[in-house]
Engineer: 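Can you read through this structure? Questions will come right after.
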2 protein chains.
Amino acid sequence: MVNKMVLDKREQILEVAEELFAEYGFEGTSVRELAKKANVNVAMVSYYFGSKEQLIKALIQLRAGTFKQTLEALNNDGHSPVEKLNLLVDFYVERVFTHHRFHRVINREISLHQRSSFNKTISDILLKNFEEIKKLILDGQKKKVFRNVDVELTIASLIGTISKVVQSSYFSCRIINIDPDKNSIFEEEHKKRVKKHLKDMMQAHLLRK
Amino acid sequence: MVNKMVLDKREQILEVAEELFAEYGFEGTSVRELAKKANVNVAMVSYYFGSKEQLIKALIQLRAGTFKQTLEALNNDGHSPVEKLNLLVDFYVERVFTHHRFHRVINREISLHQRSSFNKTISDILLKNFEEIKKLILDGQKKKVFRNVDVELTIASLIGTISKVVQSSYFSCRIINIDPDKNSIFEEEHKKRVKKHLKDMMQAHLLRK
DNA sequence: GTTTAAATTAAACAAACGTTTAATTTTGCA
DNA sequence: TGCAAAATTAAACGTTTGTTTAATTTAAAC
């Protein structure tokens, strides 16, 4: 039987890497414990990816792919600016919640060693998403539906809010008053709550009075 | 002559630690390069702080101190909710921009190894700030000045926006279209811009129409 | 069934890690 | 000046790090 449980060793390594990098950081994760948890010999990491550094780059390439297309499709739809904004929030929250481990990894890595090639690689990916969202807001402004707000920082608020919630589930649980031992911040209930808040705030901020 | 340039070795270590932890992360910074940059023997870190782990804890204790008092003072002032909100934004942005290295460190560390004592220590500090801001908004709601918004997530948006801007100065520079090689995201001009955006958005979000 | 390449392994590699030791220098005080 | 405590040093400690090696097993093709 072929199902999701049956992963080849390369995929197995990538999956465990995402989990451990999210939990302990890139530097904080040793290739040995990674291999152990993936039920794989230590040498397999070098064999498949070349090095630990290239492993995380492969992970980023893998996850960053689908994102931009969906955003582009959104901009080409026939929806109104407000509808697009709501769809954007739904999509973005959905995406980050589903891949919260990955987003924790890149949010951490982008804050490291400022002008390394690594930082630039991630920045490039994030910037493409950023530009698509920017188009959406500028279009709404052009149509006189949205106010003349600070577009760049408005996007920073949108992204920043979701990042904050996902950043530390322990901290987020304590913020919204749920028991970190019993509940997860990633449950459907809280996802809806984040969507509602962002739509609410973004509309209050963007729509003309 | 006694001035800021004359630091004893303990202070020197703390200062360099903040710089390197912000740039390369806690795990990514070796005690040896830290000592070298601080013009200090390697053994001095153990001598003054006991261990690398206790060094970063000392750094957190040092920087986290003054923050809560200022927030408390804000809540006890005779200002209106809107005035308090504006003062809060000014103070918070000022604070994070001034200590952007430190904030990068804790924002990264809190996203690591979920339920370690370390994560809980930082969460406790951040939660105290959080509760003070919550009081401010709840007070505004009680006085019927503020709308019935999602208080917790509104604070997440406030904090998340600033964190995003400070997180990676390279990424932020590219977002707001300035040259990362010539300009810094931490200049007065951009600080003002962030303050303006946050006041604008928070008022649009919180005030009754 | 034999052959060839790919996959997998245990072992070893040098380098870097955080920390400790034991000796030496500096400092403050009587 | 003399003495005890504090500060500072170079060297070494045992681990752990990421990576490589060379041998072995597995799989696929002929």
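Worth knowing before you read on, the calculation uses all heavy atoms, side chains too, and leaves out hydrogens, waters and symmetry mates. We name chains A, B, ... by the order of the sequence lines, and we start the count at 1 in each one. Note that the structure is predicted; figures quoted are calculated from it, not measured.
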Engineer: Mark yes or no for whether B:Ser172, through its side chain, and B:Ile185, through its backbone, hold a donor-acceptor pair below 3.5 Å.
Structural biologist: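 Looks like no, no N/O pair under 3.5 Å.
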Engineer: Among residues 27-39 of chain A, which residues get a heavy atom nearer than 4.0 Å to DNA chain D?
Structural biologist: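 Nucleic-acid contacts, sorted: A:Thr29, A:Ser30, A:Val31, A:Arg32.
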Engineer: One thing to verify: whether B:Glu132 and B:Lys135 come together as a salt bridge, which I'm taking to mean a side-chain N less than 4.0 angstrom from a carboxylate O.
Structural biologist: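 B:Glu132 and B:Lys135: salt-bridged.
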Engineer: Under a 4.0 Å N-O cut-off, is there an ion pair linking A:Glu94 with A:Lys195?
Structural biologist: yes
Engineer: Salt bridge or not for A:Asp150 and B:Lys196, using N-O below 4.0 Å?
Structural biologist: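 No, no charged N to carboxylate O under 4.0 Å.
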Engineer: Let's see if you get this right: which residues in residues 40-55 of chain B place a heavy atom under 4.0 Å from DNA chain D?
Structural biologist: B:Asn41, B:Ala43, B:Met44, B:Tyr47, B:Tyr48
Engineer: Report yes if some heavy atom in the side chain of B:Lys134 is under 4.5 Å from a heavy atom in the side chain of B:Glu131; otherwise report no.
Structural biologist: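 Side-chain contact under 4.5 Å: yes.
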Engineer: Check the orientation of A:Phe186 and A:His100. Use parallel for under 30°, tilted for 30 to 60°, and perpendicular for over 60°.
Structural biologist: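 A:Phe186 vs A:His100 ring planes: parallel.
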Engineer: How long is the line joining CD1 of A:Ile13 and C1' of C:dT8, in whole Å?
Structural biologist: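 Computing the A:Ile13:CD1 to C:dT8:C1' distance gives 11 Å.
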Engineer: What is the distance from atom CD of A:Glu152 to atom CD1 of B:Ile176, rounded to the nearest 0.5 Å?
Structural biologist: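 Between atom CD of A:Glu152 and atom CD1 of B:Ile176 there are 7.5 Å.
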Engineer: Looking at A:Lys191 and A:Glu188, is any side-chain nitrogen of the basic one under 4.0 Å from a carboxylate oxygen of the acidic one?
Structural biologist: yes
Engineer: Could you check how far CG of A:Asp8 sits from P of D:dA27, rounded to whole Å?
Structural biologist: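 Roughly 14 Å, once rounded to whole Å.
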